[in-house]
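The structure appears below as structure tokens.
Just so it is clear, the values below take in all heavy atoms, side chains as well, and ignore hydrogens, waters and symmetry mates.
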Amino acid sequence: ELLINGVAVKLKGVNRHENNIHTGTSSEENAFVGLFGYIYGGTVVKNVIVEGDITITLTESSLYDTVYAGGVVGYPYGSGLARVENCSSDVSITITNNKKSGVVHAGGIAGHAFSSTFVNTSSTGSVSATGWSIKVGGLVGSHVGASGNTLSYITNCYATGDVTGTTPEGNSYQVDTGGLVGFSQLT
């Protein structure tokens, strides 16, 4: 059992390309949470099995405004087409953003994916987020492709966990939830 970002993780059959992988990474405004905080370029995460829990609560005094949380990777950024293949996640994710700003991206495999592919990948954990603007999916919270990029896709993947997204009373911001993907654009 491995502890990363306070997440207990079990790894089985790990086969991954190590370049461009950042574990437990954050910036001034963003928190990248998962087995891998973020990956970019042509990075491939392959044959990974994760189990555990991710629980995050943001308050008005929290440093971060935006959270990217996934069981395998918080944010795959695929300018060279990041790829997640033959992975499974049984990670229960609960994120509460009590701030009146920021966005929560949460998914069983990835929180937010830009120009990335997912192949033969599954998630069985529950994903729940509360906040002012949220994108929550059983597999991927939000999946966005680059204009003209036809290589950003999800194939032969599934998610079976419960997915919930709620906002504080009186909120007029965006809530996107989906059993597989919460928000999708140009994919």
Side-chain angles (χ1 to χ4, degrees), residues 5 7 25-34 36-40 53-79 82 84 89 91-118 121-154 157-187:
N5 278 350
V7 179
T25 306
S26 61
S27 69
E28 290 288 324
E29 299 173 351
N30 303 313
F32 303 93
V33 181
F36 306 110
Y38 71 89
I39 61 174
Y40 63 91
D53 300 287
I54 295 173
T55 302
I56 299 170
T57 301
L58 298 179
T59 64
E60 283 297 332
S61 62
S62 295
L63 174 66
Y64 309 115
D65 276 334
T66 301
V67 175
Y68 303 97
V72 175
V73 60
Y75 189 168
Y77 181 86
S79 59
V84 178
S89 169
V91 176
S92 293
I93 300 171
T94 305
I95 301 175
T96 304
N97 182 1
N98 292 316
K99 297 179 84 168
K100 294 181 180 173
S101 63
V103 181
V104 173
H105 302 265
I109 295 293
H112 174 74
F114 178 77
S115 287
S116 301
T117 62
F118 299 86
T121 297
S122 63
S123 174
T124 56
S126 62
V127 184
S128 175
T130 301
W132 293 89
S133 180
I134 57 176
K135 299 169 186 327
V136 184
L139 195 77
V140 180
S142 55
H143 192 222
V144 177
S147 182
N149 179 352
T150 59
L151 299 176
S152 184
Y153 58 88
I154 296 173
C157 297
Y158 67 90
T160 60
D162 291 335
V163 177
T164 56
T166 56
T167 60
E169 188 175 325
N171 177 21
S172 60
Y173 288 89
Q174 186 173 6
V175 177
D176 299 304
T177 59
L180 195 64
V181 178
F183 175 82
S184 180
Q185 181 179 16
L186 298 173
T187 58

Legend entry - Spacing of OG1 belonging to Thr160 relative to CG belonging to Leu180, to within rounding of 0.5 Å: 11.0 Å
Inset, instruction - Using atom types as modelled and distance alone, determine if a side-chain donor or acceptor of Trp132 lies under 3.5 Å from a backbone N or O of Lys99. - result: yes
Legend entry - CD1 on Ile54 to CD1 on Ile93, rounded to 0.5 Å: 4.5 Å
Inset, instruction - Can you measure from CG (Leu58) to CD1 (Ile95) and round to the nearest 0.5 angstrom? - result: 8.0 Å
Legend entry - Ser116 side-chain N/O to Pro76 backbone N/O, donor-acceptor pair under 3.5 Å: yes
Legend entry - Contact check, side chains of Asn98 and Thr57, non-hydrogen atoms, under 4.5 Å: yes
Legend entry - Main-chain N/O of Val72 paired to Ser89 side chain as donor or acceptor, under 3.5 Å: no
Legend entry - Whether His105 and Tyr68 hold their rings parallel, tilted or perpendicular, with breakpoints at 30° and 60°: parallel
Inset, instruction - State whether a side-chain donor-acceptor pair under 3.5 Å links Thr130 with Thr96. - result: no
Legend entry - Distance (rounded to the nearest 0.5 Å) between Ile154 CD1 and Thr121 OG1: 9.5 Å
Inset, instruction - Quick one: pull up OH in Tyr38 and NE2 in His112 and give me the separation to the nearest 0.5 Å. - result: 14.0 Å
Inset, instruction - Look up atom CD1 in Ile134 and atom OG in Ser142, then write down how far apart they are to the nearest 0.5 Å. - result: 12.0 Å
Legend entry - Validation row: Val67, Ile56 side chains within 4.5 angstrom (heavy atoms): yes
Legend entry - With His143, the ring-ring contact (aromatic ring centres under 6.0 Å, His included) member among Phe118, Phe183, Tyr75, Phe114: Phe118
